[in-house]
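Contents: one structure, followed by commentary.
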Amino acid sequence: LFGAFNAVYQLEQSPLLKEILDPMELCKIKPYPKCNIQYSGCDELNNRQKDVLLRTYRHATESTPNITLIQGPPGTGKSCVIANLVHQLLYGNEVRILDQKVLVCAQSNAAVDVIAEKLFDMSQTKSPDKMFRLIRFGLLERISTKVRHATLPKIIERNQIRKLKAICKNLQIDHKVDMKEYLRNEILKIEADIEHMKLSNVKNTVQEEVLLEKQRQIQLMRNIVNGVLRPEDENSLYNWHLKHANVVCTTLSSCVKLSKYVCRYQHICSLYTEQGIY
């Protein structure tokens with residue numbers, strides 16, 4: 001109920017407020033002159049799908065806010081079209097590359113996960129300098145294991161591991177090792193080193209700096225093992241990653257929490273699979 005109230009409360013900030021309250025406003029949009037738009041998707045679409053995608057894309061690139069509603073029965077390629085539409089919004093000739101922020105949302109986690117997986121596969125076809133940033137936002141335990149790597153906790157964990165590797169050159173972390181178990185063993189070894197060093201008088205010596213460094217290493221390792229961050233650190237990291245993301249995929253219910261971090265998107269793609277609307 002609070003989420004619904006919050007959504008209505010924020011409605012007045014929407015650039016589509018007039019169109020939502022009076023849908024006939026959309027009928028006042030002048031027809032576009034004919035022009036050729038090059039399809040920039042990743043998948044081969046049939047003529048009908050491509051026509052729908054390009055017309056929706058044309059609406060989306062106009063300065064006037066608008067809503068496009070497309071309906072089709074199950075099996076008509078909604079997921080494929082919406083994934084390629086997002087790609088077109090990012091890489092079409094009419095927009096600057098990676099200068100867009102797109103929100104993809106649906107009622108169910110399963111629907112969001114399908115789109116997120118397709119988009120992640122698309123991102124992997126790009127060179128590092130042209131790869132778009134994708135985030136799957138929501139409760140980790142409700143997200144498919146196929147796309148959990150794109151969630152904020154997993155992205156932050158990978159960054160922490162890179163940082164740990166940079167300051168602990170002797171660590172042997174790879175995909176063949178149970179990372180958390182390996183780090184637990186390393187924590188025990190470093191704790192033993194710290195206790196041994198504390199027996200000596202290390203105050204105002206070079207050893208004191210070594211001791212402090214080992215304590216910092218242990219704290220970073222514990223953060224990775226426990227997956228716990230201080231609230232202020234989590235907020236700061238979530239804000240940074242969401243600010244720099246090109247595509248965010250989430251459920252409609254998670255949009256309430258998401259609005260704490262991001263309040264403006266160039267494009268919103270909302271998918272309703274049960275009704276056959278996207």
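In what follows, residues are counted from 1 in the order of the sequence shown. Predicted, not measured: the structure shown is a model, and the values here were computed from it.
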Which value, rounded to the nearest 0.5 Å, describes the distance between [X] atom [atom1] and [Y] atom [atom2]?
X      : Y      : atom1 : atom2 : answer
Arg55  : Ile37  : CZ    : CD1   : 11.0 Å
Gln88  : Leu53  : CD    : CG    : 5.5 Å
Cys249 : Ile135 : SG    : CD1   : 10.0 Å

Should we say atom [atom1] of [X] is surrounded by more than 12 heavy atoms from elsewhere, each under 6.0 Å from it?
X      : atom1 : result
Gln124 : CD    : yes
Lys126 : NZ    : yes
Glu44  : CD    : no
Arg133 : CZ    : no

Item to check | Derivation and outcome, side-chain contact (heavy atoms from CB on, under 4.5 Å), residues Glu191 and Ile218 | outcome: CA-CA 8 Å; Glu191 282 178 336; Ile218 271 195; 3.3 Å; yes
Listed by chain and number, what are the side chain to side chain donor-acceptor pair (under 3.5 Å) partners of [X], not counting sequence neighbours?
X      : value
Asn109 : Arg136
Asn47  : none
Asn185 : none
Asp22  : none

Nearest heavy-atom pair of [X] and [Y]: which atoms, and what distance?
X      : Y      : result
Val248 : Phe137 : CG1-CB, 4.0 Å
Cys255 : Leu103 : SG-CD2, 4.2 Å
Thr76  : Gln49  : O-NE2, 3.0 Å
Gly92  : Tyr57  : CA-OH, 3.5 Å

Item to check | No-hydrogen, no-angle side-chain donor-acceptor test under 3.5 Å, Gln219 and Asn223 | outcome: yes
Next on the checklist: For residues 147-171, which residue pairs pass the ring-ring contact (aromatic ring centres under 6.0 Å, His included) check, not counting sequence neighbours?
Outcome noted: Phe120-His149
Partner set under side chain to side chain contact (heavy atoms under 4.5 Å, CB included) for [X], not counting sequence neighbours:
X      : value
Glu234 : Leu229, Tyr238
Asn159 : Ile155, Arg162, His241
Ser144 : Asp113, Lys146, Val147
Gln215 : Ile194, Lys198, Leu211, Leu212

Checklist entry - So, do Lys180 and Glu157 sit near enough that their side-chain heavy atoms are less than 4.5 Å apart? => result yes
Checklist entry - Is any side-chain heavy atom of Val225 closer than 4.5 Å to a side-chain heavy atom of Arg184? => result yes
Next on the checklist: Using a strict threshold of under 4.0 Å (side-chain N to carboxylate O), is an ion pair present between Lys214 and Glu195?
Outcome noted: no
Checklist entry - Can we say Arg48 and Asp51 salt-bridge, meaning some charged N sits less than 4.0 Å from an Asp/Glu carboxylate O? => result yes
Ignoring hydrogens and geometry, is there a side-chain-to-backbone donor-acceptor pair from [X] to [Y] under 3.5 Å?
X      : Y      : result
Thr56  : Val52  : yes
Asn84  : Asp43  : yes
Ser254 : Thr251 : no
Lys50  : Tyr39  : no

Item to check | Stepwise side-chain contact (heavy atoms from CB on, under 4.5 Å) test for Lys243 and Tyr261 | outcome: CA-CA 8 Å; Lys243 179 182 177 182; Tyr261 304 102; over 6 Å; no
Next on the checklist: If the condition is ring-ring contact (aromatic ring centres under 6.0 Å, His included), which residues does Tyr91 pass it with, not counting sequence neighbours?
Outcome noted: His87
Checklist entry - Does His196 have any ring-ring contact (aromatic ring centres under 6.0 Å, His included) partners at least two apart in sequence or in another chain, and if so, which? => result none
Checklist outcome for this item: salt bridge (Lys or Arg N to Asp or Glu O under 4.0 Å) filter on Lys189, not counting sequence neighbours, yields Glu186
